[in-house]
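A, B, ... follow the sequence lines: proteins, then strands. Residue 1 opens every chain.
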Protein chains: 2
Amino acid sequence: MELNSKQVTIIETAEKLFADRGYDGTSVRNIAEEAGINVAMISYYFGSKEKLLEALFSYRAEGTTQKLVSMLANKVLNPLEKVNMMIEYYIDKFYNQTSFHKIMSREQVASRRSAIAGLIQGFKKRNQQLIKEIIQEGQKAGYFTKNIDIPILMSTLIGSISHAVTTQHFYREINNLQDMPEDQFQKMMKKKLNAHFKFIFKAILTHEV
Amino acid sequence: MELNSKQVTIIETAEKLFADRGYDGTSVRNIAEEAGINVAMISYYFGSKEKLLEALFSYRAEGTTQKLVSMLANKVLNPLEKVNMMIEYYIDKFYNQTSFHKIMSREQVASRRSAIAGLIQGFKKRNQQLIKEIIQEGQKAGYFTKNIDIPILMSTLIGSISHAVTTQHFYREINNLQDMPEDQFQKMMKKKLNAHFKFIFKAILTHEV
DNA sequence: AAAAACTAAACAAATGTTTGATTAATATTA
DNA sequence: TAATATTAATCAAACATTTGTTTAGTTTTT
């Protein structure tokens, strides 16, 4: 879908507001006001509020799977290095698109918007298939142990990162880090999460620590 | 807060609807209709829709910390056994109160309802403190390694379980398990998650697999 | 008789969407 | 090039519903 600059403005404004207040907690007038446009423009460009959400999903989805595919094709990296790259990729993705992932994490709990549910289902299925291939490659090469439950492994990765990122305001308070600048906090968290998950995945995949 | 049976009906109906459609996606008339009561009864008993949500949180929160405290006090179990009990406890908790945790996981992403945010913050702070004590006990006794990042460890546990439970409809589809009866599916998932997290926690806490 | 529980109806405010008109940009013709 | 026609973009206002809450009265319980 081709988007002009005004459409992008609307989508990105909606993204911010949906992330902060939820889809149902955000009115089209909120979006219009924040984006500095007339309410009618939302219907004019997207048809409806719900289709705006779908447009947002399409907008953010493009190029997601691509990265994983190129990782899989890499012939230089061994399977564990690929897994580590995947971990880095997901952590970066969640931090770089926090607003979008807040919306996504809410929508996937129980989306009454079936078009969105279908899109999310599609991402998940596709990505999980790719990761399965990376892990199976490692198993064939004798790097990884057999009997790895990939859905649960992915749930651990996605669920943990998602939880850590979307609730970081709580962790700032719990650990008295309210005054730490955002970029510094993020840098710290990224580093910690990377080390943490690389350790966990190595333990699970190789049974070595 | 003392609750009569009608108030409990309202709270539990609201819980179900909030979990399925979100707080803002559920109207007081939805709740009234589903609960078979007059709309005015919600204001009459709880004051407002938002205070109903607060009442729901209080209703479900009671006795949560209690279990962890009694676990901590246990003198027979060694620290790793305590950690394993905690894992079992959280997995059971999420499965037994799925609706509530769906609401909670949505609210903690970014709650505009400060009273709720405060309550969640309270739970988290209290529970994390208790778990910290269990782990520190294990470190003093020489069972566990030093330098364990408890917030990230908890994020892994809570985030993963929460994600697995709240998105289990996706995992049914991805793994073609749509036809498996709910209780059988849950039993399977519980078993898998238990084994998975006990393995992970042992690896992190003891550096042994 | 007093208090509590319950109800239908009304309230104002907010919701997503459409209408009908106006302005701006682009294409076509003279 | 200048004038005109056509399409796209923008707007304020109106639309019908739906929202959470309150009122004023009735029924039930104590």
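Using a 4.0 Å cut-off between charged side-chain N and carboxylate O, B:R113 and B:D24 make a salt bridge. Salt bridge annotation for A:R112-B:D20: absent, with no cationic side-chain nitrogen under 4.0 angstrom from a carboxylate oxygen. Salt-bridge check for B:E88 with B:K190: failed, with every basic side-chain N at 4.0 Å or more from each acidic carboxylate O.
Listed by residue number, the members of residues 19-26 of chain A with any heavy atom below 4.0 angstrom from DNA chain D form an empty set.
For the ring pair (Phe, Tyr, Trp, His ring centres under 6.0 Å) condition, the pairs that include at least one residue of residues 60-96 of chain B, sequence neighbours left out, are B:F94-B:H101. Listed by first then second residue, pairs satisfying ring pair (Phe, Tyr, Trp, His ring centres under 6.0 Å) with a partner in residues 10-51 of chain A read A:F18-A:Y23, not counting sequence neighbours.
Taking 4.0 Å as the cutoff to heavy atoms of chain B, we find the contact window on DNA chain C bounded by C:dA4 to C:dA10.
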Whether each nucleotide of nucleotides 8-16 of chain D has a protein heavy atom under 4.0 Å at its base (B), only at its sugar-phosphate (S) or at neither (-) is summarised, 5' to 3', as SBBBB-B--

Quick one: side chains of residues 152-162 of chain B, donor-acceptor pairs under 3.5 Å with protein atoms, not counting sequence neighbours, listed by atom name and distance.
unit_1 : atom_1 : unit_2 : atom_2 : d
B:S155 : OG     : A:H163 : ND1    : 3.1
B:T156 : OG1    : A:H196 : NE2    : 2.7
B:T156 : OG1    : B:I152 : O      : 2.9
B:S160 : OG     : A:T156 : O      : 3.4
B:S160 : OG     : A:S160 : OG     : 2.9
B:S160 : OG     : B:T156 : O      : 2.5

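Put simply, the side chain of A:N84 never gets that close to the backbone of A:E81: no donor and acceptor are under 3.5 Å apart. Looking at B:R172, its side chain does come within 3.5 Å of a backbone N or O of B:L177 through a donor-acceptor pair.
Under a cut-off of 6.0 angstrom, the local environment of CD in A:Q178 is crowded, with over 12 non-hydrogen atoms contributed by other residues, nucleotides or ligands.
With rounding to whole Å, B:N30 atom CG is found 18 Å from D:dT17 atom P. Per the geometry, CG belonging to B:L52 stands 12 Å off C1' belonging to D:dG20, to the nearest Å. Across the protein-nucleic acid pair, B:R113 atom CZ and D:dG20 atom C1' stand 14 Å apart, rounded to whole Å.
Atom CD1 in B:I135 sits 10.5 Å away from atom CG in B:L80 (nearest 0.5 Å).
Nucleic acid contact class of B:S27 (heavy atoms, under 4.0 Å, all strands): sugar-phosphate only.
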